[in-house]
*Asks:* 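Quick one: the structure is below, questions incoming.
Just follow the structure's listing: the first ligand is 1, and inside any ligand the first atom is 1.
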Amino acid sequence: MNIGYYQSHPVFGEVSKNIDQFAAQLGSVNCELLVLPELAFTGYQFVSQDEVLNLSEPVPEGPTTQKCVELARQHGTHLVVGLPEREGDQCYNSAIVVGPSGFVGRYRKTHLFFEETLFFAPGNSGIHVWDIGQARIGVMICFDWYYPEVARSLALQGADILCHPSNLVLPNCPDAMVTRSLENRVFSVTANRIGQEARGGKPPLTFIGKSEVVSPKGKILHRAPIDQEELMVLEVDVDEARNKSINPYNDLLKDRRPEMYGIDVKREA
Ligand code: ACM
């Protein structure tokens, strides 16, 4: 199966232009799954709720989802794309999954980062896995990586590939995703962006690039540069993610002992 990412450099607010730029490159690749960044076509650093309301769209009726469906059909591929979703007067930092047969599903970011908490509602979609034929894919968005429960939940639901649209500004995630892959024996595809945004007099945000594909054994199969756009596809054997045997005595997921973890213990304030 050919999978990959689009590491982009969107211009804030120029949604159609950013989509057109992506569409123009899509013809040059042959893949079954491509992951795009968080808020892939709008840009990231919002300065007001009005701005978010104006740039967000209902899913799946909105123009960005519809355009992505059209591109997925045209190119016979699945796309995972971050976008601001609007439902009534609530906005979510979401990602859609679309494929050759149309809209597949949506995920709303569970763990909001920094000023996203001002503009978006915490995701309420739950954490999901979709079977797209050649693989079962799960979606998590950027800062969700900080909560290993998300990747674990996806692995326990049978995900072979973690699709991870991102707008990374902290340095740690690319290396951390090696652990998320290793501890769950899954592929991960982190799609990040590059460039800087400094809007409305706010301190600049610099996006760190380093999009990557990591194998179930924690090998970085490819990592992008920090400062260049890149559309990258490589071939993987999905079965590698389905073998959870570490050695004849240990099976990664079967050997879990949830009764020992006390995971529901409430932390004292
Ligand atoms: C992030 O969640 N965009 C860092």
Side-chain angles (χ1 to χ4, degrees), residues 5-13 15 18 35-49 51-52 55-57 59 64 80-86 90-97 106-128 138-154 162-181 188-200 202-212 214 223-227 229-230:
Y5 59 74
Y6 175 52
Q7 174 163 296
S8 62
H9 189 184
V11 181
F12 188 93
V15 176
N18 294 327
V35 184
L36 278 72
E38 177 181 15
L39 301 169
F41 302 127
T42 56
Y44 180 80
Q45 197 182 35
F46 295 100
V47 295
S48 71
Q49 190 67 48
E51 210 172 50
V52 185
L55 285 168
S56 56
E57 304 176 14
V59 171
T64 297
V80 179
V81 182
L83 83 174
E85 179 190 356
R86 180 155 175 188
Q90 295 280 29
C91 298
Y92 298 95
N93 184 342
S94 297
I96 50 164
V97 181
R106 140 218 16 229
Y107 167 68
R108 294 173 170 166
K109 186 177 186 177
T110 305
H111 303 97
L112 298 173
F113 177 71
F114 193 51
E115 291 181 343
E116 292 167 33
T117 57
L118 304 177
F119 301 126
F120 293 104
N124 56 5
S125 59
I127 290 161
H128 297 287
V139 179
M140 50 190 267
I141 300 180
C142 205
F143 192 52
D144 282 332
W145 76 265
Y146 236 97
Y147 298 84
E149 293 89 345
V150 178
R152 180 65 104 204
S153 167
L154 293 171
L162 307 180
C163 301
H164 186 211
S166 295
N167 269 194
L168 296 165
V169 291
L170 301 177
N172 319 85
C173 179
D175 288 343
M177 286 308 290
V178 171
T179 304
R180 293 290 94 81
S181 273
S188 62
V189 183
T190 296
N192 193 27
R193 55 162 293 180
I194 60 163
Q196 213 174 54
E197 286 181 0
R199 306 194 57 254
K202 291 188 186 194
L205 292 175
T206 302
F207 302 96
I208 66 163
K210 292 189 176 183
S211 299
E212 64 184 8
V214 182
R223 183 178 273 181
I226 58 170
D227 55 0
E229 294 173 75
E230 187 175 77

*Asks:* Could you tell me the residue and atom name of the protein heavy atom closest to atom 3 (N) of ligand 1, and the distance to it rounded to 0.1 Å?
*Replies:* E38 OE1, 2.9 Å
*Asks:* Among all protein non-hydrogen atoms, which one is nearest to atom 2 (O) of ligand 1, and what is the separation to 0.1 Å?
*Replies:*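 For this ligand atom, the closest protein heavy atom is K109 NZ, 2.7 Å.
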*Asks:* For ligand 1, which atoms have a heavy atom of F143 less than 4.0 angstrom away?
*Replies:*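 Selected atoms, number and element: 1 (C), 2 (O).
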*Asks:* Answer with yes or no whether N167 contacts ligand 1, where contact means a heavy atom under 4.0 Å from a ligand atom.
*Replies:* yes
*Asks:* Looking only at heavy atoms, what is the nearest atom pair of C142 and H164, with distance?
*Replies:*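 It is O-NE2, 2.9 Å.
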*Asks:* Just jot down the ligand 1 atoms closer than 4.0 angstrom to any heavy atom of Y44, in number order.
*Replies:*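 Under 4.0 Å from Y44, ligand 1 has these atoms: 3 (N).
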*Asks:* With a 6.0 Å cut-off on ring centres, are H111 and Y147 close enough?
*Replies:* yes
*Asks:* Measuring from N172:CG to M177:CE, what's the distance to the nearest 0.5 Å?
*Replies:* 13.0 Å
*Asks:* Using side-chain hydrogen bond (donor to acceptor under 3.5 Å, both in side chains), reason through S166 and E38 one step at a time and then give a plain yes or no.
*Replies:* CA-CA 5 Å; S166 295; E38 177 181 15; 5.6 Å; no
*Asks:* Using the ring of Y44 (Phe, Tyr or Trp, six-membered ring only), decide whether R193 places NZ or CZ under 6.0 Å from its centre and within 45 degrees of its axis.
*Replies:* no
*Asks:* At less than 4.0 angstrom from any non-hydrogen atom of F113, what atoms of ligand 1 do you find?
*Replies:* 1 (C), 2 (O), 4 (C)
*Asks:* State plainly whether the residues E115 and K202 are in salt-bridge range, i.e. N to O under 4.0 Å.
*Replies:* yes
*Asks:* Quick one: which ligand 1 atoms are inside 4.0 Å of a heavy atom on E116?
*Replies:*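 In order of number, 1 (C), 2 (O), 3 (N).
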*Asks:* Nearest non-hydrogen atom to atom 4 (C) of ligand 1 belongs to which of S166, P165, C142, C173?
*Replies:* C142
